[in-house]
Amino acid sequence: MTTPTIKLAPSILAADFAVLGQQVRDAEQAGADRIHVDVMDGHFVPNISMGPHVVKALRPVTSLPLEAHLMIEEPDRFLEAFAEAGVERIIVHVENAVNLHRTVHHVKALGKKVGVTLNPATPIVALSEILPDVDLVLVMTVNPGFGGQKFIATTLDKIRRVRRMIDAVRPDIELEVDGGIDAATAPQAVQAGARVLVAGSAIFNHREPVAAAMDRIRSALPANA
Ligand code: DX5
Ligand code: ZN
């Protein structure tokens with residue numbers, strides 16, 4: 001049995017884009033808590049994925065919250081577009097937001113929840129001044145840019161340290177992890193303090209139904225995390 005405190009956020013980057021709406025419906029029916037939308041521009045990361053149009057197309061398909069993970073240069077230029085397209089939450093990287101405080105408050109002014117995220121090699125001190133202002137911290141457990149990469153085990157200690165930081169500042173801030181999350185790594189991330197798990201290729205893996213893949217992750221989680 002899953003503990004109710006752990007949320008699953010399927011990343012549609014790994015979904016079959018030819019039937020994207022159905023994949024999202026399948027995830028909703030299987031009990032997903034939110035849908036994670038990976039936005040890549042070919043500059044901040046070496047890959048291109050999708051933009052606000054995809055969010056807009058999915059908005060009527062599901063009642064789940066949609067969250068945009070912006071792996072793009074100059075994220076400020078696109079905040080309105082994602083807000084208007086219907087996301088509930090926008091997650092920005094600390095590495096390229098030159099005026100992160102302004103960006104975070106811009107998202108809030110648009111009436112959206114805001115998350116900040118950091119790459120595996122980015123020290124957590126980058127969070128310290130902005131933490132009280134955010135709803136969520138996303139710890140990248142792979143280098144962003146591609147699905148299907150191997151979980152970087154050294155990020156476990158980082159998750160623990162971010163957990164402590166959050167607990168000291170505002171324990172209601174969500175701690176999410178993203179990259180290489182599957183039935184083997186999900187319990188480790190949860191033990192380290194993660195409460196929201198993004199998973200792409202472990203859920204939309206085309207080998208088994210979405211519901212079976214999600215159950216596999218859930219049933220691996222510690223019962224009392
Ligand atoms: C990586 C993305 C992830 C990715 C996760 O750049 O931010 O959300 O889709 O994919 P998996 O779960 O396959 O590592
Ligand atoms: Zn992501």
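Order of listing sets the numbers, starting from 1, for every ligand and every atom in it.
- Residue Ala202 has no nitrogen or oxygen atom sitting less than 3.5 Å from a nitrogen or oxygen atom of ligand 1, judged on distance alone.
- Atom CD1 of residue Ile48 and atom CE of residue Met71 lie 12.5 Å apart, to the nearest 0.5 angstrom.
- The heavy atom nearest to atom 1 (C) of ligand 1, out of those in Phe151, Phe204, Phe146, is found in Phe146.
- Within the model, atoms CG of Asp38 and CZ of Phe146 stand 12.0 Å from one another, a figure rounded to the nearest 0.5 Å.
- In this structure, Lys158 contributes its side chain and Pro120 its backbone to a donor-acceptor pair below 3.5 Å.
- Of all atoms in ligand 1, listed by their number and element, those nearer than 4.0 Å to a heavy atom of Met40 are 6 (O).
- Ligand 1 has a nitrogen or oxygen under 3.5 angstrom from a nitrogen or oxygen of Gly148.
- Note on Asp167 versus Arg164: no salt bridge recorded, every NZ/NE/NH1/NH2 to OD/OE distance being 4.0 Å or above.
- Side-chain contact between Arg59 and Leu66: present, with at least one pair of heavy atoms (C-beta onward) separated by less than 4.5 Å.
- His106 and Glu80 share a donor-acceptor pair across their side chains, judged by distance under 3.5 Å alone.
- Side-chain atoms of Lys7 and Glu176, non-hydrogen and from C-beta on, never get closer than 4.5 Å to each other.
- Computed with the Zn ion (ligand 2) at the centre, the His69 ND1 to Asp38 OD1 angle is 90°, stated to 10 degrees.
- With ligand atoms numbered from 1 in the order given, ligand 1 contributes 6 (O), 7 (O) to contacts under 4.0 Å with heavy atoms of Met71.
- With respect to Arg34 and Glu174, a salt bridge is recorded, a charged nitrogen being found less than 4.0 Å from a carboxylate O.
- For atom 12 (O) of ligand 1, the closest non-hydrogen atom of the protein is Gly200 N, 2.7 Å.
- Of the charged side-chain nitrogens involved, at least one lies within less than 4.0 Å of a carboxylate oxygen, so that Glu208 and Arg216 count as a salt-bridged pair.
- Across Asn143, Asp178, Leu138, heavy-atom proximity to atom 3 (C) of ligand 1 is greatest for Asp178.
- By the criterion of a heavy-atom distance under 4.0 Å, both the backbone and the side chain of Ser201 are placed next to ligand 1.
- Set against the non-hydrogen atoms of His36, the atoms of ligand 1 under 4.0 Å away are 8 (O).
- The protein atom (non-hydrogen) at minimum distance from atom 10 (O) of ligand 1 is Gly147 CA, 3.6 Å.
- For ligand 1, the atoms sitting less than 4.0 Å from at least one non-hydrogen atom of His69 are 7 (O), numbered in the order shown with element in parentheses.
- When only interatomic distances are considered, the shortest N/O to N/O separation between Gly180 and ligand 1 falls below 3.5 Å.
- With Leu197, Asp38, Ile12 as candidates, the residue nearest to atom 4 (C) of ligand 1 on a non-hydrogen basis is Asp38.
- No donor-acceptor pair under 3.5 Å is formed between the side chain of Ser11 and the backbone N or O of Ala199.
- Near Gly179, meaning under 4.0 Å from any of its heavy atoms, are these atoms of ligand 1: 14 (O).
- Every atom of ligand 1 is numbered from 1 in the order shown, and the set under 4.0 Å from a heavy atom of Met140 is 7 (O).
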